[in-house]
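Everything on this sheet refers to the single structure shown next.
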Amino acid sequence: MCGINGFNFSDRDAIQKMVAVTRHRGPDGEGIFVRDGISLGHNRLAIIDLSTLAAQPMESRDGHHRIVFNGEIYNYRELRTELIAKTGPFQTTSDTEVILRAYEAWGSGCFKRFNGIFALAIWDSERKELVLARDSVGVKPLFYYWANGSFIFSSELKGILTHEIPRTLDQTALALYFRLLYAPGEQTLLSGIKRLPPGHMGKLRGGTFEIKPYWSVSDFQDFDDKEGIKEEIRTLMGKAVRRQMIADVPVGLYLSGGIDSTVLLGLMAKESTRPIETFSVGFDVGEEEKKFNEDFVVARETAKRYRTHHHELTIGALDVAKNLEQMFWHMDDLVANPAQVANFLLSSLAGKHVKVVLGGDGGDELFGGYGRHYYYRLIERWQSLPRLLRNNVLTRAGFRALGIGRAIERLNTEDTFSLWWSFMAQKEYPARSVLKDDAESLRNGKEYMKKTFFENLPRTDLAKQMMYLDLTTWLPGASLIRSDQMGMASGLEERVPILDRDVVELAMRIPSRWKMRNPRQGKDIFREAMKEYIPEAVYGKKKTGWFLPTSKWLRTGLKDAAYEILSPDYNRATGEFIDFTAARIMLDDHITRRRYALNTIWSLIAFQVWAKKYLTDL
């Protein structure tokens with residue numbers, strides 16, 4: 001919806017600089033508020049109540065509170081009705097005013113009542129108190145810097161970097177980035193700049209900034225009525241899509257050709273009286289590489305079935321090379337995923353037609369859509385056998401005879417963190433071969449992960465624990481931030497109905513055995529519940545994931561750009577971290593097919609371009 005910025009001192013020029021650098025997030029208007037001890041700024045992407053009365057920073061009726069808010073509150077109409085009865089009439093029809101009025105009525109307890117995607121800041125001029133809050137699963141980003149009495153916050157890192165603050169790399173976050181392809185948790189790659197965690201609020205008063213949770217999944221007890229749960233999935237998904245289609249501007253859909261976006265399209269078509277605007281991306285590859293466009297073709301047929309206004313984009317290696325630097329300027333909370341270029345370019349196309357799109361994010365993570373979710377169940381069943389039976393000389397010999405000798409190590413890994421790491425982290429050799437000594441940073445990173453995410457795992461089955469970890473690590477740290485920053489680069493908001501809070505809470509109580517029966521598809525109960533919206537070509541299709549032909553492109557149209565970026569002359573500031581001789585050998589080996597290393601190569605390319613942008617002046 002917007003971009004928000006602010007800090008705990010008065011400086012009109014500084015807040016205007018922040019608003020200027022995040023202008024892409026809200027091209028429909030800007031506003032600032034500067035008083036003693038506070039500066040707030042807002043970039044507006046007008047979606048609900050397009051009038052100037054709904055502009056921000058918005059003031060409360062009594063003048064004691066000011067708000068800057070990014071996102072949407074999907075249940076704002078119900079809350080508004082309740083608040084009118086409690087506090088009187090409203091001046092606007094915006095959800096922003098609902099938040100202000102709710103905060104006046106219920107204080108910080110209002111945040112747990114919001115079903116939506118949001119990052120916000122509220123200034124209380126009487127108490128001299130600044131309150132920040134972020135939505136339950138982290139769809140909307142919120143960064144802050146707190147040092148030497150200065151508190152600065154923004155929707156993007158680049159907003160904070162308009163201030164004179166140190167630009168030093170966080171070595172622990174960097175070590176995790178090169179293994180996980182993102183930096184999980186609160187810490188970003190830049191020391192001192194942190195993320196407010198999902199489902200949390202922060203309160204700045206005097207010299208103290210206190211962070212505390214206001215929501216988390218608390219009930220993991222398995223349901224026992226499968227047919228009843230299917231009906232509940234249908235009901236909650238229908239409500240989520242209905243709520244998230246509320247807007248005073250057109251709403252479209254990213255149509256990938258998979259289960260999740262197809263279900264969303266079916267539900268949207270049911271609610272809409274006009275054709276849905278749908279958007280798909282394909283890749284410029286030869287006939288022998290048509291596997292990369294299988295979902296693209298399926299999406300086209302699905303669009304025909306639902307009679308959408310379908311828009312297609314085909315991209316090639318030169319498109320990627322041409323847009324790399326601009327894309328990574330927008331991707332300032334660095335993630336290394338080749339799909340981000342497709343996100344960036346598809347969002348640019350969609351932004352020419354709509355201001356809001358729905359996306360299928362979260363379906364795999366909540367309902368067991370990845371092959372690894374099936375294997376977690378398999379591992380847990382294997383480990384229920386006596387240790388002597390599953391880990392002896394004969395068993396190991398049998399696995400080796402089947403050509404899967406390494407599998408037994410993973411099957412017998414009982415430590416939850418080590419098992420998670422074995423699935424989620426890149427193989428150590430490629431990263432270690434090109435990074436200068438970061439062993440201590442990696443150890444610190446692993447300890448941080450254990451303490452932050454593993455110490456208080458819910459007491460439930462292994463597969464459900466791992467899906468919960470997807471919800472708290474990968475989704476906010478890699479997937480949702482990529483969707484936000486790539487979409488908002490074009491002033492386009494993505495909404496994610498499957499991550500509706502009610503759907504999340506339901507999914508965490510569904511038995512894992514109902515979600516996955518084999519590693520080829522997964523999401524069994526979700527597919528069964530929503531079958532009426534899924535064409536047969538989609539319903540029975542093996543899950544392939546969304547992969548770009550980047551490995552092939554590195555050998556053709558991306559090759560020159562890759563060699564240029566992975567050279568010491570491109571950015572000498574990174575020479576203390578990267579062995580460029582080893583990086584060039586790795587790229588040579590990949591191009592000549594001696595050794596596949598796409599993920600490590602892409603993480604190096606991403607880091608190099610990002611570092612050139614953000615370790616120097618904007």
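Hydrogens, waters and symmetry mates are skipped; everything else that's a heavy atom, side chains included, is used. Remember, it's a predicted structure, so these values are computed and weren't measured experimentally.
Ala183 approaches Leu189 most closely through the heavy-atom pair CB-CD2, 4.3 Å. The nearest pair of heavy atoms linking Lys464 to Ile510 is CE-O, 3.5 Å. Counting all heavy atoms, side chain and backbone alike, Ser10 lies closest to Ser39 at CA-OG, 3.4 Å. When every heavy atom of Pro497 is checked against every heavy atom of Gly359, the shortest pair comes out as CD-O, 3.7 Å.
In this structure, Ser155 contributes its side chain and Leu142 its backbone to no donor-acceptor pair below 3.5 Å. With hydrogens and angles disregarded, a donor-acceptor distance shorter than 3.5 Å links the side chain of Asn8 to the backbone of Gly149. Side-chain atoms of Thr92 come within 3.5 Å of backbone N or O of Ser94 as a donor-acceptor pair. Under the 3.5 Å distance criterion, the side-chain polar atoms of Ser60 are matched with a main-chain donor or acceptor of His65. Between the Asn115 side chain and the Asn75 main chain, no donor and acceptor come within less than 3.5 Å of each other. With hydrogens and angles ignored, the 3.5 Å screen pairs no side-chain donor or acceptor of Thr460 with any backbone N or O of Gln465. With Arg495 contributing its side chain and Leu358 its backbone, the two residues share no donor-acceptor pair below 3.5 Å. The backbone N or O of Val335 lies less than 3.5 Å from a partner atom in the side chain of Gln340, making a donor-acceptor pair. Panel note: side chain Arg134, backbone Lys140; a donor-acceptor pair is recorded below 3.5 Å.
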Between Ser261 and Ser256, does the side chain to side chain donor-acceptor pair (under 3.5 Å) criterion hold? Intermediate values first, please.
CA-CA 6 Å; Ser261 63; Ser256 69; 3.1 Å; yes
If you apply the rule side chain to side chain donor-acceptor pair (under 3.5 Å), what do you find for Arg101 with Thr87, and how did you get there?
CA-CA 8 Å; Arg101 196 74 67 88; Thr87 65; 2.8 Å; yes
May I have the step-by-step check of side chain to side chain donor-acceptor pair (under 3.5 Å) for Asn148 and Ser150, ending in yes or no?
CA-CA 6 Å; Asn148 303 317; Ser150 294; over 6 Å; no
Could you walk me through whether Arg377 and Leu462 pass the side chain to side chain contact (heavy atoms under 4.5 Å, CB included) test, one step at a time?
CA-CA 7 Å; Arg377 290 200 65 226; Leu462 178 64; over 6 Å; no
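No option in Phe7, Phe153, Phe151 other than Phe151 meets the ring pair (Phe, Tyr, Trp, His ring centres under 6.0 Å) test with Tyr144. Screening Phe417, Tyr376, Tyr370 for a ring pair (Phe, Tyr, Trp, His ring centres under 6.0 Å) with Phe423, the sole residue that qualifies is Tyr376.
Applying the side-chain hydrogen bond (donor to acceptor under 3.5 Å, both in side chains) test to pairs two or more places apart or on separate chains, those with a residue in residues 183-196 are Arg195-Asp333. Screening residues 144-156 for salt bridge (charged side-chain N to carboxylate O under 4.0 Å, His left out), with sequence neighbours left out, gives Arg25-Glu156, Glu156-Lys158. The stretch residues 7-19 participates, sequence neighbours left out, in no salt bridge (charged side-chain N to carboxylate O under 4.0 Å, His left out) pair at all. Pairs of residues two or more places apart, or lying in two chains, never qualify as salt bridge (charged side-chain N to carboxylate O under 4.0 Å, His left out) while including a residue from residues 144-153. For residues 237-247, the salt bridge (charged side-chain N to carboxylate O under 4.0 Å, His left out) pairs, not counting sequence neighbours, are Arg242-Glu271, Arg243-Asp500, Arg243-Asp502.
Aromatic rings of His163 and Tyr145 (six-membered ring for Trp) have centroids beyond the 6.0 Å cut-off, not under it. Residues Trp420 and Phe454 bring their aromatic ring centres within 6.0 Å.
Shown here is Asp62, whose CG atom has more than 12 heavy atoms of other residues, nucleotides or ligands within 6.0 Å. Counting non-hydrogen atoms of other residues, nucleotides and ligands closer than 6.0 Å to NZ of Lys230 gives a total above 12. Counting heavy-atom neighbours within 6.0 Å of Asp224 CG, excluding the residue itself, gives a total of 12 or less. Atom CD of Glu78 is surrounded by more than 12 heavy atoms from other residues, nucleotides or ligands within 6.0 Å. Residue Asn456 qualifies as open at atom CG: its count of foreign heavy atoms under 6.0 Å is 12 or below.
Classification of Arg234 and Glu231 as a salt-bridged pair holds, one side-chain N sitting under 4.0 Å from a carboxylate O. Between Glu82 and Lys86, none of the side-chain N atoms (NZ, or NE/NH1/NH2) sits under 4.0 Å from a carboxylate O, so this pair counts as no salt bridge. Between Glu210 and Lys212, no side-chain nitrogen of the basic residue sits less than 4.0 Å from a carboxylate oxygen of the acidic one, so the salt-bridge criterion is not met.
When side chains are defined from C-beta on, Asp260 counts as touching Phe526, because their heavy atoms get closer than 4.5 Å. At a threshold of 4.5 Å between non-hydrogen side-chain atoms, the residues Met331 and Met486 count as touching.
Considering OH of Tyr76 and CD1 of Ile99, their distance stands at 11.5 Å, rounded to 0.5 Å.
Note: His24 and His330 have perpendicular aromatic rings, judged against thresholds of 30 and 60 degrees for the angle between ring planes. Taking the six-membered ring where tryptophan is involved, the planes of Phe111 and Tyr214 are tilted, since the angle between them lies from 30° to 60°. Using cut-offs of 30° and 60° for the angle between ring planes, the Phe118 and Phe114 rings count as perpendicular.
Partners of Asp49 according to the side chain to side chain donor-acceptor pair (under 3.5 Å) rule, which considers only residues two or more places apart in sequence or in another chain, are Ser51, Thr93.
Side-chain contact, Tyr182 with Ser479: no donor N or O sits under 3.5 Å from an acceptor N or O.
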